[in-house]
*Asks:* 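Got a structure here, written out as structure tokens. Questions coming.
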Amino acid sequence: MGQDLEKVLVTEEQITTRLQEMGARIDADYAGRDLLIVGVLKGAVMVMADLARSLHSPVAMDWMAVSSYGAGTTSSGVVRILKDLETDIQDRDVLIVEDVIDSGLTLSWLVGNLKSRGPTSVEICTMVRKPLALDVDLDVRYIGFDLPDEFIVGYGLDYAEKYRNLPFIGTLAPHVYESD
């Protein structure tokens with residue numbers, strides 16, 4: 001994959017350190033509470049697994065898959081739930097775990113959807129936020145890294161379902177996606 005990558009933005013060591021810091025803060029914030037962490041598939045798999053291992057409090061985990069895209073790469077404007085929670089979240093503290101927040105539109109819809117189900121709280125945790133790409137005001141409680149609005153891959157982030165398995169976050173060389 002070497003020639004497909006332009007540069008490393010966040011190293012594996014930086015990710016591990018930041019997850020430990022975030023985990024300690026989440027443990028403190030939710031001490032004695034009934035926390036459910038909800039990973040948003042597919043990208044959040046890496047973040048969710050490593051974040052869960054950094055937590056020292058008992059937590060439950062569940063997954064959702066949502067899509068705001070039609071057949072192409074532009075948003076259709078309609079959010080669809082592809083996989084819903086299996087857990088009842090009424091009277092639970094819910095922490096949504098994301099890999100990246102770009103525009104925030106789909107995540108904003110998801111927060112509203114989950115809040116309508118009667119949880120005690122709904123908060124957001126993300127490994128990457130791109131503040132310059134945000135189209136909505138979104139309150140994100142836990143942020144791993146703020147990165148520029150570049151096309152990034154690795155640590156769950158993909159291009160054409162590839163590169164998710166990289167242990168770091170980097171930029172993809174333009175020759176990979178310019179031909180598409």
Side-chain angles (χ1 to χ4, degrees), residues 10 12 15-16 18-27 29-30 33-71 73 75-130 134 136 138-145 152-169:
V10 184
E12 182 175 7
I15 291 170
T16 300
R18 188 67 184 120
L19 282 169
Q20 292 298 320
E21 294 167 355
M22 291 166 64
R25 187 168 157 219
I26 292 166
D27 277 336
D29 289 351
Y30 289 96
R33 294 167 66 184
D34 186 20
L35 180 61
L36 172 70
I37 56 177
V38 175
V40 181
L41 293 171
K42 297 177 188 175
V45 169
M46 306 295 188
V47 181
M48 181 84 156
D50 291 343
L51 178 67
R53 285 193 292 262
S54 76
L55 297 172
H56 300 290
S57 305
V59 295
M61 297 191 304
D62 204 342
W63 298 92
M64 285 190 82
V66 295
S67 173
S68 63
Y69 296 96
T73 57
S75 177
S76 65
V78 176
V79 178
R80 294 183 316 134
I81 295 175
L82 305 175
K83 187 224 174 285
D84 206 347
L85 295 174
E86 296 174 11
T87 308
D88 181 3
I89 64 171
Q90 179 139 2
D91 301 322
R92 304 270 314 259
D93 290 299
V94 175
L95 180 61
I96 301 169
V97 178
E98 269 281 24
D99 56 345
V100 63
I101 299 174
D102 285 302
S103 72
L105 293 169
T106 301
L107 188 55
S108 176
W109 179 92
L110 181 59
V111 167
N113 179 282
L114 293 180
K115 282 183 176 180
S116 75
R117 301 180 193 196
T120 302
S121 68
V122 176
E123 299 290 347
I124 301 167
C125 174
T126 188
M127 181 51 58
V128 173
R129 179 179 66 172
K130 297 181 181 179
L134 285 172
V136 294
L138 199 58
D139 184 25
V140 183
R141 189 162 185 181
Y142 308 99
I143 301 166
F145 302 94
I152 56 176
V153 294
Y155 200 68
L157 300 156
D158 76 299
Y159 173 70
E161 293 299 324
K162 297 177 185 169
Y163 310 103
R164 289 187 197 276
N165 59 312
L166 295 172
F168 55 84
I169 298 170

*Asks:* Any donor-acceptor pair under 3.5 Å linking the side chain of R18 with the backbone of I143?
*Replies:* yes
*Asks:* Treating S54 as the side-chain partner and L51 as the backbone partner, does any N or O pair qualify as donor plus acceptor under 3.5 Å?
*Replies:* yes
*Asks:* I need the single residue from L36, L35, D29 that forms a side-chain contact (heavy atoms from CB on, under 4.5 Å) with D93. Which is it?
*Replies:* L35
*Asks:* Check whether any side-chain heavy atom of M127 lies under 4.5 Å from a side-chain heavy atom of L19, and answer yes or no.
*Replies:* yes
*Asks:* V94 versus R117: any side-chain heavy-atom pair under 4.5 Å?
*Replies:* no
*Asks:* Examine distances only and state if a side-chain atom of K83 and a backbone atom of W63 form a donor-acceptor pair shorter than 3.5 Å.
*Replies:* yes
*Asks:* For residues 43-53, pull every pair meeting salt bridge (Lys or Arg N to Asp or Glu O under 4.0 Å), keeping only residues two or more places apart or in separate chains.
*Replies:* D50-R53
*Asks:* Just to verify, what does D62 make a side-chain hydrogen bond (donor to acceptor under 3.5 Å, both in side chains) with, not counting sequence neighbours?
*Replies:* T87
*Asks:* Find out whether N113 and I81 are in side-chain contact, i.e. whether some heavy atom of one side chain is under 4.5 Å from a heavy atom of the other.
*Replies:* yes
*Asks:* So does D91 get a backbone contact from the side chain of T120, meaning a donor-acceptor N/O pair under 3.5 Å?
*Replies:* yes
*Asks:* So, do V47 and E98 sit near enough that their side-chain heavy atoms are less than 4.5 Å apart?
*Replies:* no
*Asks:* Less than 4.5 Å apart, side chain to side chain, heavy atoms only: is that true for I101 and I124?
*Replies:* yes
*Asks:* Please give me the minimum heavy-atom distance between R141 and Y30, naming the atom from each residue.
*Replies:* NH1-OH, 3.8 Å
*Asks:* Less than 4.5 Å apart, any side-chain heavy atom of V79 and any of L110?
*Replies:* no
*Asks:* side-chain hydrogen bond (donor to acceptor under 3.5 Å, both in side chains) with E161: which residues, sequence neighbours excluded?
*Replies:* K42, R164
